[in-house]
Amino acid sequence: MDLDVTSVSKQPEPYGQAPAAIQVITGEDIQRSGASSIPEALRLADNLDVAQKNSHDWAISARGFNTALGNKLLVLIDGRAVYTPLYSGVFWDVQDYLLEDIDRIEVVSGPGGTLWGANAVNGVINITTKSAKDTQGLYVEGGGGNWLQDFVGARYGGMLASNVYYRVYGKYFDRSSEVLSNGNSASDSWRMGQGGFRIDSEASPQNLLTLQGDFYLGDEKATTGDTRTGGGNVLGRWSHIFSDDSDMSLQLYYDRTHIAIPKPAVFLDAAGTLRDDLDTYDLDFQHHFSLGDRNRIIWGLGYRLTHDIVGEAPSVEFVPATLYQNLFSGFVQDEIKLHEKLFLTLGTKLEHNDYTGFEVEPSARIQWNATSKQMFWGAISRAVRTPSRIDHDLREPLGGPLPDLLDGGTNFTSETLIAYELGYRAELTKKISTSISAFYNDYENIRSSSTELPSSLLVFKNNLEGDTYGFEWSGDWQVLDWWRLHGGYDLLEEDIHVKPGKTDFSNGLNETADPQQQFSIRSSMDLPENVDLDATLRWVDTLHNNNGPNPGTVPSYFELDVRIGWHPTKNLEFSIVGQNLLHDQHAEYGFPGATTTEEIERSVYGKVAWRF
């Protein structure tokens, strides 16, 4: 409850006093879970729906809309947005890091547009890595198993000068293929390498300078050919403290991504490779200060330039192929102290993009600290998802005189959300804490596909609307000094439908692929002889999925992950991890029953880690 989080107000505040539906995954949680990737670590957040599609792809969302191209969740790594303007989502196969160096992951379910901008519609994932000062010395890990066949990672941290710390790291893994529903190999093995560095300078007590960067290369097998990924980034940040109640930060980063995806032939169009090269330049400034005893104000300005070049495959094109886009933004938020225990937070963000012009995302949030251990909160917020290149610029020709299979809509507008939330968080006893939030979301102008002959069989439009509602619960119980339990439960109801007088090819079903319920329970034990035993049981309700050639469902399932670790010395650790232990294989996404459906296998791997 006392752990500081920053995702709710962009400034540190205790988790127990953060007025939002937020969950925190600590570095220790990740290490003890046995997760070997960021998507696997995100299963520890009860307010997320995480579904593995195949060996290298995941569908991840909060509060619904977890489709193959999920586009309503904003993800940041050390302040760097990792969504792609190609479809307003995240390529999870290229978001990687040495998990040992992740400090925490903050997961906010619910809109965050006031502070974080467009596409923070249903939630924000904020991944923060440890400072170089906290990662001094040598760390080496390695291991392998039947699916995670082999992996190795290393990091070294030292000092360049007094109060100037650095680290460098590298990692590599090779993952085997998953299986089809008929038991045959899916031929989708995956290997990837990544490296990077970070430098932190504490030039003075008032100034902190950070410079960091990463680069990666990946290869993903498929029956249609190999997908190649690659990229890198560099980020610089200056933080300055003016006084106890005033500080600022200035951040600049450059990010480059490359992906080459083989595309099969479609009717008269030959097979080819879709290539996307994206350069992103981002500048962000923010300033926090207090105005008297009752107002805490934070404001900021931002600018982002993206340069996107798409090399067309014959069956998939983007018009124009080369596109520069500008995003200007500014925000302000004021936390007003109405009473010693009552706070009102008002704010808004104003953005200008090249597709729809100006977008406004205001919010109002109330917080009542009933006691030092109990907090009630409520919020009303507006958020938008601005058009992506797929929404606006896509063209899928059939070849020759035939009409296009699918086109983007040149008049496609932003999807909008008005969200209503209520929540409660409490430390009920010294050993039991809980958090619960309820929400009602009202969506307008959701993406649809409509016939527009003779030019195109389908065109993206904004012909859908609807609402979702539900609640999220999580709780922690320190049963004994050596035994801790954590539980979580989510309920989601969806009603997405076609606007009166409008049409949609999928009758409003193509934008959602979500379980109605899911729950998990996690046990962590510190056993004698320096042995750790951790187990997670999760249940996911039936998944109704229409994002494909035919409507289908993924059956509900239970799964169990177990990790046992042994520390013979303070700096040496051996561990064995078993994942998906209850089934030989099971589906989490797609259309079970077809021979082409991919399913996730049971896996076991061993790991050795040494710190010096």
Side-chain angles (χ1 to χ4, degrees), residues 5 7-9 15 17-24 42 45-50 60-67 70-75 106-116 118-126 344-349 361-368 374-385 415-426 434-446 464-475 487-497 511-520 540-541:
V5 297
S7 300
V8 178
S9 61
Y15 163 74
Q17 301 297 317
I22 182 172
Q23 295 198 23
V24 182
L42 291 176
D46 306 307
N47 53 350
L48 288 178
D49 173 22
V50 179
I60 301 176
S61 186
R63 296 184 178 176
F65 294 90
N66 198 17
T67 60
N71 53 27
K72 294 177 176 60
L73 187 67
L74 183 67
V75 181
E106 300 174 13
V107 179
V108 180
S109 51
T114 298
L115 293 179
W116 303 104
N119 305 318
V121 177
N122 281 5
V124 177
I125 296 176
N126 192 0
L344 173 65
T345 301
L346 302 174
T348 189
K349 187 154 195 168
E361 299 175 89
S363 69
R365 196 170 295 268
I366 191 78
Q367 172 184 350
W368 175 39
Q374 296 187 73
M375 184 262 293
F376 295 87
W377 63 273
I380 302 175
S381 312
R382 183 181 191 269
V384 302
R385 184 188 76 83
E415 300 179 343
T416 63
L417 162 69
I418 304 295
Y420 307 86
E421 300 176 274
L422 291 173
Y424 170 72
R425 185 173 297 120
T434 189
S435 179
I436 188 169
S437 59
F439 63 92
Y440 175 82
N441 290 345
D442 184 8
Y443 296 91
E444 289 287 341
N445 299 324
I446 301 173
L464 300 181
E465 62 185 5
D467 54 69
T468 65
Y469 61 92
F471 72 89
E472 302 152 342
W473 170 83
S474 67
Y489 172 80
D490 288 357
L491 172 68
L492 172 68
E493 296 282 355
E494 296 176 303
D495 178 21
I496 307 301
H497 52 266
E511 294 298 302
T512 58
D514 311 293
Q516 183 187 56
Q517 302 176 80
Q518 56 181 359
F519 79 80
S520 66
V540 179
D541 203 354

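Because the structure is a prediction, the values reported are computed rather than measured.
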Report yes if some heavy atom in the side chain of [X] is under 4.5 Å from a heavy atom in the side chain of [Y]; otherwise report no.
X	Y	result
D49	Q518	yes
P111	E421	yes
W116	V108	no
Y443	N122	yes
E415	K72	yes

Where do [X] and [Y] come nearest, in terms of heavy atoms and distance?
X	Y	answer
Q367	Q17	NE2-O, 3.1 Å
H497	G466	CE1-CA, 3.9 Å
W377	S437	CZ2-CB, 3.9 Å

Quiz prompt | Derivation of the side chain to side chain contact (heavy atoms under 4.5 Å, CB included) call for Q23 and D46 | solution = CA-CA 8 Å; Q23 295 198 23; D46 306 307; 3.2 Å; yes
Quiz prompt | salt bridge (Lys or Arg N to Asp or Glu O under 4.0 Å) contacts touching residues 106-115 (sequence neighbours left out) | solution =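 Checked against salt bridge (Lys or Arg N to Asp or Glu O under 4.0 Å) - neighbours excluded - the pairs reaching residues 106-115 are R104-E106.
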Exercise. State whether a side-chain donor-acceptor pair under 3.5 Å links E511 with T67.
Key: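 On atom types as modelled, these side chains do not qualify, holding no pair under 3.5 Å.
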Quick check for you: to the nearest 0.5 Å, what is the distance between [X] atom [atom1] and [Y] atom [atom2]?
X	Y	atom1	atom2	answer
D490	N47	CG	CG	6.5 Å
W473	Y424	CH2	OH	13.0 Å
S61	D514	OG	CG	6.5 Å
L492	Q517	CG	CD	10.0 Å
T345	L115	OG1	CG	9.5 Å
I366	L422	CD1	CG	11.5 Å

Self-check item: Criterion side-chain contact (heavy atoms from CB on, under 4.5 Å) against R382, the qualifying member of T416, L417, T114, D442
Solution: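 Output: one option passes, namely T416.
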Quiz item: Taking F65 as the fixed residue, which of N71, N441, I446, V121 is the one that meets the side-chain contact (heavy atoms from CB on, under 4.5 Å) rule?
Solution: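 Exactly one option meets the side-chain contact (heavy atoms from CB on, under 4.5 Å) with F65, and it is I446.
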Practice problem: Please identify each residue that fulfils side-chain contact (heavy atoms from CB on, under 4.5 Å) with A62, with sequence neighbours left out. | Solution: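 Testing A62 for side-chain contact (heavy atoms from CB on, under 4.5 Å), a comparison that skips the adjacent residues, returns L48, L73, S109.
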Practice problem: Can you sort out the partners of Y489 under ring-ring contact (aromatic ring centres under 6.0 Å, His included), two or more places apart, ordered by chain and number? | Solution: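 Y489 satisfies ring-ring contact (aromatic ring centres under 6.0 Å, His included) with F471 only.
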Exercise. Could you tell me whether Y469 atom OH has more than 12 heavy atoms of other residues or ligands within 6.0 Å of it?
Key: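 Atom OH in Y469 is not crowded, with 12 or fewer foreign heavy atoms closer than 6.0 Å.
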Exercise. Keeping the roles fixed (side chain from R63, backbone from T468), state whether a donor-acceptor pair exists under 3.5 Å.
Key: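 Absent.
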Exercise. Classify the ring geometry between Y440 and Y420 as parallel (under 30°), tilted (30 to 60°) or perpendicular (over 60°).
Key: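 Geometry flag for Y420 against Y440: tilted rings.
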Quiz item: Taking the six-membered ring of Y15, is NZ or CZ of R425 closer than 6.0 Å to its centre and within 45° of its axis?
Solution: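 Yes, a cation-pi geometry holds between R425 and Y15.
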Quiz prompt | Evaluation steps, side chain to side chain contact (heavy atoms under 4.5 Å, CB included), between S381 and R365 | solution = CA-CA 8 Å; S381 312; R365 196 170 295 268; 4.0 Å; yes
